[in-house]
Amino acid sequence: MIKPLILCKKEVKDFFFSPIAYIIISIFLLITGWFFFSTFFVIDQANLRDFFSLLPIIFSFIIPAITMKSFSEEFNMGSYELLITFPVKTRDVLLGKFLSTILFIIIMLVPTLSYPICVSLVGNLDLGPVFGGYLGSLFLGAGFSSIGIFASSLTKNQINSFIIATTICLTLSLIDKMLFFLPDSIINIANYFSATYHFQNFSKGIIDSRDIIYFLSITFIFLYATNMVLYSKR
Amino acid sequence: MIEVSKLTKYYNSFLALDKISFSVPKGQILGLLGPNGAGKTTTLRLLTGYLRPSYGEITVDKYRLPGDDIKIKSIIGYLPESVPIYKNMIVYEYLFYVGEIRGISKEKIPERIMDIAKKCKIREIMHKNINELSKGLLQRVGIASVLLHDPEILILDEPTTGLDPNQILEIRDLIKEIGKYKTVILSSHILSEVEATCDRVIIINKGKIVADDSPSQLKNMYMGKTVVNICLHGASTEEIKNIFKDIKEIEQVRFLNQDDLNISLEITLSRDVREKVYKAIKNTPWILMEFYKNKMSLENIFKQITTEN
């Protein structure tokens with residue numbers, strides 16, 4: 001098996017052998033479930049718009065909670081020293097941690113498939129936006145994961161790592177809601193930086209290369225920055 | 001086997017290692033000795049590729065650091081001081097993980113683990129949680145995990161700190177056993193440790209090599225003097241000073257402890273003339289309670305070496 005996959009397997013095992021994974025998943029399902037079903041019967045429409053519209057903000061808290069331990073804990077316990085003296089490249093370690101987070105997000109999202117199933121039982125559900133929404137969730141998750149991993153590479157302290165990551169993720173999620181006081185010429189540029197703006201295109205069922213490129217760039221930039229941080233630590 | 005030349009490491013502007021050079025032939029057990037903050041751990045971290053040198057180069061066989069990091073890492077087994085192995089895993093699971101990451105084929109790992117477990121005497125604890133292990137067992141598991149891929153070079157940072165005396169002996173024996181067919185580099189701040197296990201000692205102080213020799217040579221060089229501790233019953237300090245006057249090898253008499261009956265003292269001799277001291281005491285009516293040659297401590301040697309520099 002190749003190195004990143006071995007590391008990924010170990011990370012996923014770590015997640016699910018500790019109670020944190022189940023706590024995070026429960027909180028995620030509780031929040032999304034409550035927000036979704038509390039308005040679902042009031043609005044009386046067969047769609048998942050409410051679920052997806054809140055996802056960037058919920059992810060801004062949930063994903064940093066998943067990633068906060070990824071490097072911080074290794075630094076804190078000193079196991080990073082062992083890890084780096086194994087014959088692995090820093091980028092293999094990074095990739096392993098990133099893949100494991102993505103896998104965790106997928107596992108976390110699987111139970112939410114019950115929402116579209118429920119909705120399709122009571123109404124006529126348009127599958128396009130649902131499919132787009134879930135695809136977008138993965139891209140959004142990938143972007144935020146790389147931000148979280150970057151934050152955890154900066155510090156030994158998991159709380160600090162969580163706060164740094166949440167701040168960056170929330171900024172990207174809320175930037176489009178703070179644009180009203182800006183001149184029109186800047187709004188478009190600022191809007192491009194908004195994760196919510198790009199994610200909403202997905203959840204409308206529009207799969208546009210610009211949105212894909214946006215999330216892939218964020219993922220790449222922050223993973224690259226993490227690699228630089230790890231390199232500078234040596 | 002290992003060639004280190006002009007290795008220098010700065011942490012920001014702090015000079016941790018200053019142009020140190022040494023070479024280690026195959027099959028040698030080398031001890032790095034030094035006080036805390038001398039640069040022992042930094043040296044080991046540079047050798048294992050965890051840190052990058054500011055200047056200088058390390059050659060292991062035909063590979064170089066920095067450059068052939070992965071090649072060198074695959075022939076080295078390194079255990080840091082705090083044994084930072086994953087506490088949430090089970091011993092067997094951890095060893096299996098290390099085997100996988102070290103690139104041992106999956107079919108061979110169980111056999112390899114059993115082999116090493118026998119050597120490190122950890123067969124009975126394979127199914128235990130790592131966080132339940134005692135410090136000694138943890139150290140054994142740590143050593144087992146770095147031996148798993150059969151490295152040619154084993155690097156151990158303070159392998160016996162925090163262990164009880166029995167465990168220290170066990171780990172020493174294990175290291176000696178391993179040293180029969182592998183190159184071992186270990187660091188320590190305890191002289192007796194290095195004396196008991198190593199073929200050669202390098203003393204580092206303030207980032208520089210201040211001595212490089214075999215333990216016995218070093219001892220001779222820096223510990224030519226003999227210190228004898230004596231406890232006498234029924235003597236007085238004046239009388240004691242009097243009877244030792246004639247022994248010209250006595251450099252210093254220091255009274256340590258004194259109660260109504262017993263007097264403890266420490267005598268520094270320029271060479272080992274314990275029989276003269278004994279004979280002098282024998283002619284008196286005092287009772288000899290204690291008489292032993294004191295081992296010179298590392299602190300003393302260090303004081304000597306660092307003042308010489």
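For the numbers below, each heavy atom of this structure counts, side chains included, while hydrogens, waters and symmetry mates do not. Predicted, not measured: the structure shown is a model, and the values here were computed from it. Chain letters run A, B, ... following the sequence lines, proteins first and then strands; every chain starts at 1.
For B:K121, the NZ atom counts as loosely surrounded, since its 6.0 Å shell holds 12 or fewer non-hydrogen atoms of other residues, nucleotides or ligands. Surrounding CZ of A:F220 are at most 12 heavy atoms belonging to other residues, nucleotides or ligands under 6.0 Å away. Residue A:Y192 qualifies as enclosed at atom OH: its count of foreign heavy atoms under 6.0 Å is above 12. Applying the 6.0 Å contact sphere to CE of B:M114 captures more than 12 heavy atoms from other residues, nucleotides or ligands. Counting non-hydrogen atoms of neighbouring residues, nucleotides and ligands closer than 6.0 angstrom, the OH atom of A:Y224 reaches no more than 12 such neighbours.
Taking 4.0 Å as the cut-off between side-chain N and carboxylate O, A:K9 and B:E100 count as a salt-bridged pair.
Interface residue B:Y94: only side-chain heavy atoms are found under 4.5 Å from chain A.
Residues from residues 56-93 of chain A that place a non-hydrogen atom less than 4.5 Å from a non-hydrogen atom of chain B comprise A:E74, A:M77, A:G78, A:S79, A:Y80, A:E81, A:L82, A:L83, A:I84, A:T85, A:F86, A:P87, A:V88, A:K89, given in numerical order.
At least one side-chain heavy atom of B:Y97 sits under 4.5 Å from a side-chain heavy atom of A:I6.
For the atom pair A:K233 NZ and B:Y50 OH, the distance stands at 8.5 Å (nearest 0.5 Å). Of the inter-residue distances, the one linking A:K10 atom NZ with B:M89 atom CE reads 5.5 Å to the nearest 0.5 angstrom.
The most heavy-atom pairs under 4.5 Å with chain A, out of B:E81, B:K73, B:R45, B:K87, come from B:K73.
Residues passing the ring-ring contact (aromatic ring centres under 6.0 Å, His included) test with A:F222 are A:F150, sequence neighbours excluded.
Residues B:R52 and A:Y231 approach most closely at NH2-O, 2.8 Å, considering heavy atoms.
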